[in-house]
*Asks:* 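Pasting in a structure now, in structure tokens, and then I'll have a few things to ask.
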There are 2 protein chains.
Amino acid sequence: MEASRPDTATRILDVSERLFVEHGFEATSLRMITQQAEVNLAAVNYHFGSKDALFEAVFMRRLAPLIASCLAELDELETREEKLSVESLVTTFIRPCLALSKDPARGGALFVRLLSRTLVENHRLLRETISQQYSVFVQRYSRAFHHALPQLGVEELAWRMHFAFSVMFNAFAGNDVLKIFTRSQIVTARDPDMIVKYLVPFVVAGLVSPVEG
Amino acid sequence: MEASRPDTATRILDVSERLFVEHGFEATSLRMITQQAEVNLAAVNYHFGSKDALFEAVFMRRLAPLIASCLAELDELETREEKLSVESLVTTFIRPCLALSKDPARGGALFVRLLSRTLVENHRLLRETISQQYSVFVQRYSRAFHHALPQLGVEELAWRMHFAFSVMFNAFAGNDVLKIFTRSQIVTARDPDMIVKYLVPFVVAGLVSPVEG
DNA sequence: AAGCGTTTCAAACTTACGTTTTAATTTGAT
DNA sequence: ATCAAATTAAAACGTAAGTTTGAAACGCTT
């Protein structure tokens, strides 16, 4: 009656995803991974080639569908509405993140944390492989936000998008900067819906705030 | 005419701070540190005891003065004004961060990046040593924000503070989440004053936005 | 100048890492 | 059933990590 055990490569990916989030890439050894995945040590190099390639595989398994979901939401929104509201635009990004966070089969909230962690560690992977492959993501959002907020100059818009995506990433990643001091004042990332309830108004307010003279 | 060379312990701290930011704690070896600091390999263990203790020393050298500066600004503001504005409150945190970012003698922007990096890596150091020592920081800000935003419930206020500090930390840390995709669309953290110009309005707007029914 | 605690130095130690190798085992088509 | 390919297994390899050691060099007081 137990669920069928995933194959070796999948078990490695699942365990790696969790351990990379918990301890970071460098601090996670192949021996930790293979032990918890109950596979032989050599299996990682056999199936993926190297530890670096394993990381890329872990990353790409989640990122590609997430980006695709966001762009699909964006497509659907642009065909449905003539004039895009900032809130609906923000939601096209948040909804796929939320769905991902609530779906354990797709890594649950783990991957968003991994993404956040990888961003600040600025891996070579993100600077090289990903940047070329997914520049369309930011281009699409930049254009959409420009249409929704035409009163903003390109520099001000870039900064606001930077801030907005920063806080959204951090929110889903559960990096509670205040928790360190207060000992879990907020039950972080436990209820993703609760995050969105407070996150969307905050981000939208920052994005649409009037420009100062 | 050259500046007098700092002593061994200080050189180790300076180099470590930079390397921990660039490569992370785990990926920075003592041999990298001692080589760039032009000290003997054993000097780290002699002066600090261990690599972990070195990290704590690097961290504490900057954090304590930063926290003290913030609290001093807060004190000065509370004695000067009866009713605190959200903007002035935000500024009590941003101004010390900005001063730190612009002062190479105190680590410049490096330490804020280190702080941000350490937050998402959630080191044992931050969970254990720091949380007890500096809980006063969050308590003071929580109370101040509660006075400035009395219309917000405790839960909503906690979330908004969480979001606000998230984006502020990330802004100073220069973790440009969009840069990865666009290849340095924004010249991040080059001009700290520019950050503040756009950061403060964004954060304030999010904090003061009206609560929804 | 002598003595003594402090600091520096070169070298080695132990351990753990990522990776490779070679053989055993399983799998799937004929 | 057989054979070839794919996968798993155990063991070892070479390297680099943090740490320790013991002697040499330094700095300061007497």
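In what follows, every chain begins at residue 1, and chains take the letters A, B, ... in the order their sequences are listed.
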*Asks:* Just N and O in the side chain of His47(A): are any of them under 4.0 Å from OP1 or OP2 of dT8(D)?
*Replies:*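 Checking His47(A) against dT8(D): at least one side-chain N or O falls below 4.0 Å of OP1 or OP2.
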
*Asks:* Has Thr8(A) got a side-chain N or O lying under 4.0 Å from the OP1 or OP2 atom of dT8(D)?
*Replies:*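 Checking dT8(D) against Thr8(A), a side-chain N or O does come within under 4.0 Å of OP1 or OP2.
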
*Asks:* How many angstroms lie between NE2 in His147(A) and CG in Leu84(A), if you round to the nearest 0.5 Å?
*Replies:*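 The CG atom of Leu84(A) is 8.5 Å from NE2 of His147(A), to the nearest 0.5 Å.
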
*Asks:* When you check every protein heavy atom under 4.0 Å of nucleotides 9-25 of chain D, what one-letter string (B, S, -) results, 5' to 3'?
*Replies:* BB-B----BBBBB----

*Asks:* Roughly, in whole Å, what's the span from CD in Gln35(A) to P in dC17(C)?
*Replies:*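 Going from Gln35(A) (CD) to dC17(C) (P), I get 10 Å.
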
*Asks:* Who are the salt bridge (charged side-chain N to carboxylate O under 4.0 Å, His left out) partners of Arg18(B), not counting sequence neighbours?
*Replies:*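 Per chain and number, Arg18(B) pairs via salt bridge (charged side-chain N to carboxylate O under 4.0 Å, His left out) with Glu22(B).
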
*Asks:* Find the distance Phe48(A):CZ to dT19(C):C1' and express it as a whole number of Å.
*Replies:*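 Computing the Phe48(A):CZ to dT19(C):C1' distance gives 16 Å.
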
*Asks:* Looking only at the aromatic ring of each residue, does the gap between the centers of Phe163(A) and Tyr198(B) stay below 6.0 angstrom?
*Replies:*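 Ring centroids of Tyr198(B) and Phe163(A) are no less than 6.0 Å from each other.
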
*Asks:* For residues 92-99 of chain A, tabulate all N or O donor-acceptor pairs below 3.5 Å that involve a side-chain atom, not counting sequence neighbours.
*Replies:*
residue, atom, partner, partner atom, Å
Thr92(A), OG1, Leu89(A), O, 2.5
Thr92(A), OG1, Tyr141(A), OH, 2.9
Arg95(A), NE, Glu73(A), OE1, 3.2
Arg95(A), NE, Glu73(A), OE2, 3.1
Arg95(A), NH2, Glu73(A), OE1, 2.9

*Asks:* Between the protein and nucleotides 26-29 of chain D, list every N/O to N/O distance that falls short of 3.5 Å.
*Replies:*
none

*Asks:* So, taking the atom named OG in Ser166(B) and the one named CE in Met168(A), what distance separates them when rounded to the nearest 0.5 Å?
*Replies:*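 One gets 12.5 Å once the value is rounded to the nearest 0.5 Å.
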
*Asks:* Round to the nearest Å and state the distance from Arg11(A) atom CZ to dT7(D) atom P.
*Replies:*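 In whole Å, dT7(D) P and Arg11(A) CZ are 14 Å from each other.
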
*Asks:* Using salt bridge (charged side-chain N to carboxylate O under 4.0 Å, His left out) as the criterion, list what pairs up with Glu87(B), not counting sequence neighbours.
*Replies:*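 Residues passing salt bridge (charged side-chain N to carboxylate O under 4.0 Å, His left out) with Glu87(B): none at all.
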
*Asks:* Between Phe111(A) and Phe59(A), does the ring centroid distance fall short of 6.0 Å?
*Replies:*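 Phe111(A) vs Phe59(A): aromatic centres under 6.0 Å.
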
*Asks:* Filter on side chain to side chain donor-acceptor pair (under 3.5 Å), then keep only pairs touching residues 44-53 of chain A, sequence neighbours left out; what's left?
*Replies:*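 Sorted pair list: Asp52(A)-Arg124(A).
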
